[in-house]
2 protein chains.
Amino acid sequence: MNLVRIQKLSISIPENLAEILEEEIIYGRLKSRERLTEEMIAERYGVSRSPVREALRLLERDGLVIREARRGIWVAPLSLKDFDEVYTCRIELEGLAAKYAALSNDTERKGEFSGLQNELTDAIKRNDAKQFFLVDVRGSLLTYTLADNKTLTRLLGGLEKQALRYRFHAYQQNPNILQLSFDDTARIYDAIRDGDAAKAQDLTENLIREIWQKMREGIRGSFGAE
Amino acid sequence: MNLVRIQKLSISIPENLAEILEEEIIYGRLKSRERLTEEMIAERYGVSRSPVREALRLLERDGLVIREARRGIWVAPLSLKDFDEVYTCRIELEGLAAKYAALSNDTERKGEFSGLQNELTDAIKRNDAKQFFLVDVRGSLLTYTLADNKTLTRLLGGLEKQALRYRFHAYQQNPNILQLSFDDTARIYDAIRDGDAAKAQDLTENLIREIWQKMREGIRGSFGAE
DNA sequence: GACTCGTACATTGTATACACTATGGTGTCG
DNA sequence: CGACACCATAGTGTATACAATGTACGAGTC
């Protein structure tokens, strides 16, 4: 977890550092409201403050950290209200993505959903939550690619990560969420592959709304007061 | 347009610099696809490259500039496809904002729409496009405030600016667009004030869709091939 | 004459040093 | 004992210097 690793992943340190920190935040190793200092991060990953600052700007863009001018930076707090906000927006945008993905003619790439479904099944069997989420994210990326809408992809990118934090938390409380999410995801993939845009959109919106409600009580219990 | 002006506006140079550059891009003083070099901007505004880099990250977040690692930065190109993308997303998100704004109980702030409508009327009379857009943006901000959804506001913030570029361009081609936009805007404000959420949402979505189609031919003529 | 290789330059990427601001503790005075 | 002022310190904000990289141009070769 040092400079060498970062540089090997790709050319740009800020982007890679941001990815690493994203993971730390999503999977709870960096906790909600935890204070982050630039120097601490810089030292920890063996880089200077310059790329760290840029990485933090990227995290700020995606709502994963909160910055107060000249005061500091904190991991963005999780709250019931924020959860509702994220899911309110996600419903519409994921619906759009599914709709336009279904309209795509790229049957070859649509075929990739089959492999993803198998991987999801596998992850479920092994009860490997992180692997499940990773494959699920790849499914989302495939959907966005098919939708062929950079703007939509950009917006959803800034929602997915925050949503994943809640999903991972909910999973830790109640692993059954994974199973529910799995069934839904499989059905959405099918709809997109079938090319029925209206159905894909409707299904996606309803299924995300359903998960939202199912997760909500657990989230309220954990973060309702915050 | 130097350091002093920037510092007086507020404490943070990157944010202010980003705002200034945003305006330059929206109103076409910095043209589509124009190359931007950090040093040029730094020199022009009398600051060093550090805050310039951060400002450019902010612009990148909102889709106003495109960055290619180690190659450089360009003003994001306008194109028919991008225009469609922005408006596809805007319809849904602005609809959501209108819906939740209508649901707000803050009658006092809702009253502010009246003043804005007067200012819009005034701007139309004087044929002052820039003033119109500025007031219109304030109306959007008021809507977002009422909607009380930080996530939605964050997403819409990254759409509005790009949308404004197209709107300003369309206005320059055909000033009547302003009149159309005015009628629509006034009706939306009324709906929000009335508190009819479903109507506000529906109206907003349909009216934005209508403007979208009305603008589309002009945009195609200008950027269709790009 | 066209194509490839190499070198110089322009520009981004990163590190480091310095400046400024916010915060917490301590001391003094009312 | 409490409140206010002052100072020390930590951490962000900005400037500058240096490193790395991509591009353009020209020389050399086939």
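These numbers come from the heavy atoms of this one structure, side chains and all, not from hydrogens, waters or symmetry mates. This structure is a prediction, so every number in the text was calculated from the model and none was measured. Lettering follows sequence order; numbering is per chain, from 1.
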Would you say [X] places a side-chain N or O within less than 4.0 Å of OP1 or OP2 belonging to [N]?
X	N	value
R71(B)	dT23(D)	yes
R67(B)	dT11(C)	no
R53(B)	dG13(C)	yes

Task: Salt bridge E39(B)-R49(B), side-chain N to carboxylate O under 4.0 Å - done: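 R49(B) and E39(B): not salt-bridged.
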TODO: Could you tell me whether K31(B) and E34(B) make a salt bridge, using a distance below 4.0 angstrom between a side-chain N and a carboxylate O?
DONE: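 A salt bridge is absent here (no side-chain N lies under 4.0 Å from a carboxylate O).
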To the nearest Å, give me how far apart [atom1] ([X]) and [atom2] ([N]) are.
X	N	atom1	atom2	answer
L17(B)	dT14(D)	CG	P	10 Å
E15(B)	dT14(D)	CD	C1'	14 Å
E39(A)	dA15(C)	CD	P	13 Å
E38(B)	dA10(C)	CD	P	16 Å
E43(B)	dA10(C)	CD	P	14 Å
E68(A)	dG13(D)	CD	P	11 Å
R70(B)	dT21(D)	CZ	C1'	6 Å
E54(B)	dT12(D)	CD	P	12 Å

TODO: Return the nearest nucleotide to the side chain of T37(B); candidates are dT12(C), dT14(C), dT14(D).
DONE: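 When the side chain of T37(B) is considered, dT12(C) is the closest of dT12(C), dT14(C), dT14(D).
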Task: Nearest-neighbour nucleotide for the R49(A) side chain, dG13(C), dT14(C), dT16(C) considered - done: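 The nucleotide sitting nearest to the side chain is dT16(C).
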Open item on the list: Does R29(B) qualify as a cation-pi partner of Y27(B), given the criterion of NZ or CZ under 6.0 Å from the six-membered ring centre and within 45 degrees of its axis?
Closed with: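 No, R29(B) does not sit over the ring of Y27(B).
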- [ ] Answer yes or no for R33(B) and W74(B): cation-pi contact, defined as NZ/CZ to six-membered ring centre under 6.0 Å and angle to ring axis within 45°.
- [x]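 No, R33(B) does not sit over the ring of W74(B).
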Open item on the list: With nearest nucleotide decided by heavy atoms, which residue, L36(B) or P51(A), maps closer to the 5′ end of DNA chain C?
Closed with: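 Per heavy-atom nearest nucleotide, the more 5' residue is L36(B).
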Open item on the list: Return whichever of S48(A) or G72(B) has its heavy-atom-nearest nucleotide of DNA chain C closer to the 5' end.
Closed with: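 Looking at the nearest nucleotide for each, G72(B) comes out on the 5' side.
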Task: Sugar-phosphate only, base, or nothing, as touched by S50(B) at under 4.0 Å among non-hydrogen atoms - done: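 Base, at least one base atom sits under 4.0 Å.
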Task: K81(A) side chain reached by E85(A) side chain, heavy atoms, under 4.5 Å - done: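 Contact flag for E85(A)/K81(A) side chains = yes.
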